[in-house]
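Just below is one structure, and these are the notes that go with it.
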Amino acid sequence: MSSTQIIVTVIVVLAVLAVAGIAWYWARRRALRERFGPEYDRAVEEQESRGAAERELRERERRHAGLELKELSPESRQQYNTDWEEIQARFVEAPDEAVRAADELVSRLIAERGYPNDSYEEQVATLSVEHARTLGHYRDAHEIYLESERGEASTERLRQALVHYRALFADLLGTTPEVPSR
């Protein structure tokens, strides 16, 4: 083999490796976008670069992989549904209390399923791996809950909070409620 053939072979091999590396990079990015959906875009907005956002999302996947998530027993699932119905019924007379109870019920469900329950931020980060499609509802509900705690939420906003909580609640239970788009 002549030195020219060796050089051409090396160049071809390097070109193939470069194309494979680029394809791998784009495949990883596409996989993150598909898995995290709107949460991917949110992470990109919040981080200083797309690379930093993608590192954060991969770190969330790594932490999530270490969790021991549990399916609910049929009895527990039924009790959660019963508790939710009671919250909805309570809304008419005491909307603030109903939203507070919904927040507590969702937090309890998150913990029982095996997700960390240390802080709201940790909940959101961990839930984003499997529940990214309904995470926006949880963020909106929590924001309205905080408004309610400050005495700033109207009854309509409280109703919206309950609808948003219901979206994540149903997702965690594995059911699909009728939820208006965000």
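Residues take their numbers from the sequence shown, with the count starting at 1.
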Rounded to the nearest 0.5 Å, how far apart are CD of Q5 and OG1 of T9?
7.0 Å
Kindly indicate whether the side chain of F91, heavy atoms from C-beta on, has any atom under 4.5 Å from the side chain of R159.
yes
Quick one, L109 with Y115, criterion side chain to side chain contact (heavy atoms under 4.5 Å, CB included). Give me CA distance, side-chain angles, the key distance, then yes/no.
CA-CA 9 Å; L109 176 56; Y115 290 99; over 6 Å; no
Identify whether L69 and V124 are in the same connected component of the hydrophobic contact network (ILVMFWY, side-chain heavy atoms under 4.5 Å).
yes
Work out which heavy atom in A161 is nearest to a heavy atom in A141; give both atom names and the distance.
O-CB, 3.6 Å
Could you report the tightest heavy-atom contact between Q123 and P116, atom names first, then the distance?
CG-O, 3.5 Å
Closest non-hydrogen atom pair between P38 and A132, with its separation:
CG-O, 4.1 Å
Do V13 and L17 touch side chain to side chain, with heavy atoms closer than 4.5 Å?
yes
Heavy-atom pair with the smallest gap, counting every atom of E112 and S76:
OE2-OG, 2.7 Å
Euclidean distance, R30 CZ relative to R35 CZ, rounded to 0.5 Å:
15.5 Å
State whether R58 and E61 are salt-bridged, where the test is any N-O pair (Lys NZ or Arg NE/NH1/NH2 against Asp/Glu carboxylate O) under 4.0 Å.
no
Regarding E85 and N81, is there a side-chain donor-to-acceptor distance under 3.5 Å anywhere?
no
Quick one: are Q47 and E54 in side-chain contact, heavy atoms under 4.5 Å?
no
For E156, look at atom CD and say whether over 12 heavy atoms of other residues, nucleotides or ligands are found less than 6.0 Å away.
yes
R55/E59 ion pair, N-O < 4.0 Å:
no
Quick one, L127 and L172 - any side-chain contact, counting heavy atoms below 4.5 Å?
yes
Which atom names give the shortest non-hydrogen contact between S128 and L135, and what distance separates them?
CB-CD2, 3.5 Å
With no hydrogens and no angle check, is any side-chain donor or acceptor of R60 less than 3.5 Å from a backbone partner on T126?
no
Mind checking the CD1-CD1 spacing from I11 to I6? Nearest 0.5 Å is all I need.
12.0 Å
Between E39 and the options R133, R33, R139, the salt bridge (charged side-chain N to carboxylate O under 4.0 Å, His left out) test singles out R139
Is it true that T82 and Q78 share a donor-acceptor pair across their side chains at a distance under 3.5 Å?
yes
In this structure, is the centre-to-centre distance between the rings of Y120 and Y138 below 6.0 Å?
yes
Tracing side-chain links under 4.5 Å among I, L, V, M, F, W and Y, which residues wind up in one group with V44?
L32, F36, Y40, L57, V129
Evaluate side chain to side chain contact (heavy atoms under 4.5 Å, CB included) for Y165 paired with V99, printing each intermediate quantity in order.
CA-CA 9 Å; Y165 276 125; V99 168; 4.1 Å; yes
Under a 4.5 Å cut-off applied to non-hydrogen side-chain atoms, are Q160 and D140 in contact?
no
If we only count heavy atoms from C-beta on, is the D171 to H137 side-chain gap below 4.5 Å?
no
Between R90 and E86 (salt bridge meaning N to carboxylate O under 4.0 Å), is one present in this structure?
no
Check: I144 main-chain N/O paired with S148 side-chain donor or acceptor under 3.5 Å
no
Where N117 and S107 come nearest, the two heavy atoms and their spacing
ND2-O, 3.3 Å
In Å and rounded to the nearest 0.5 Å, what is the CZ to OH distance from R113 to Y80?
10.0 Å
Is any side-chain heavy atom of D83 closer than 4.5 Å to a side-chain heavy atom of R108?
yes
Pairwise side-chain contact, R100 with E149, heavy-atom cut-off 4.5 Å (strictly under)
yes
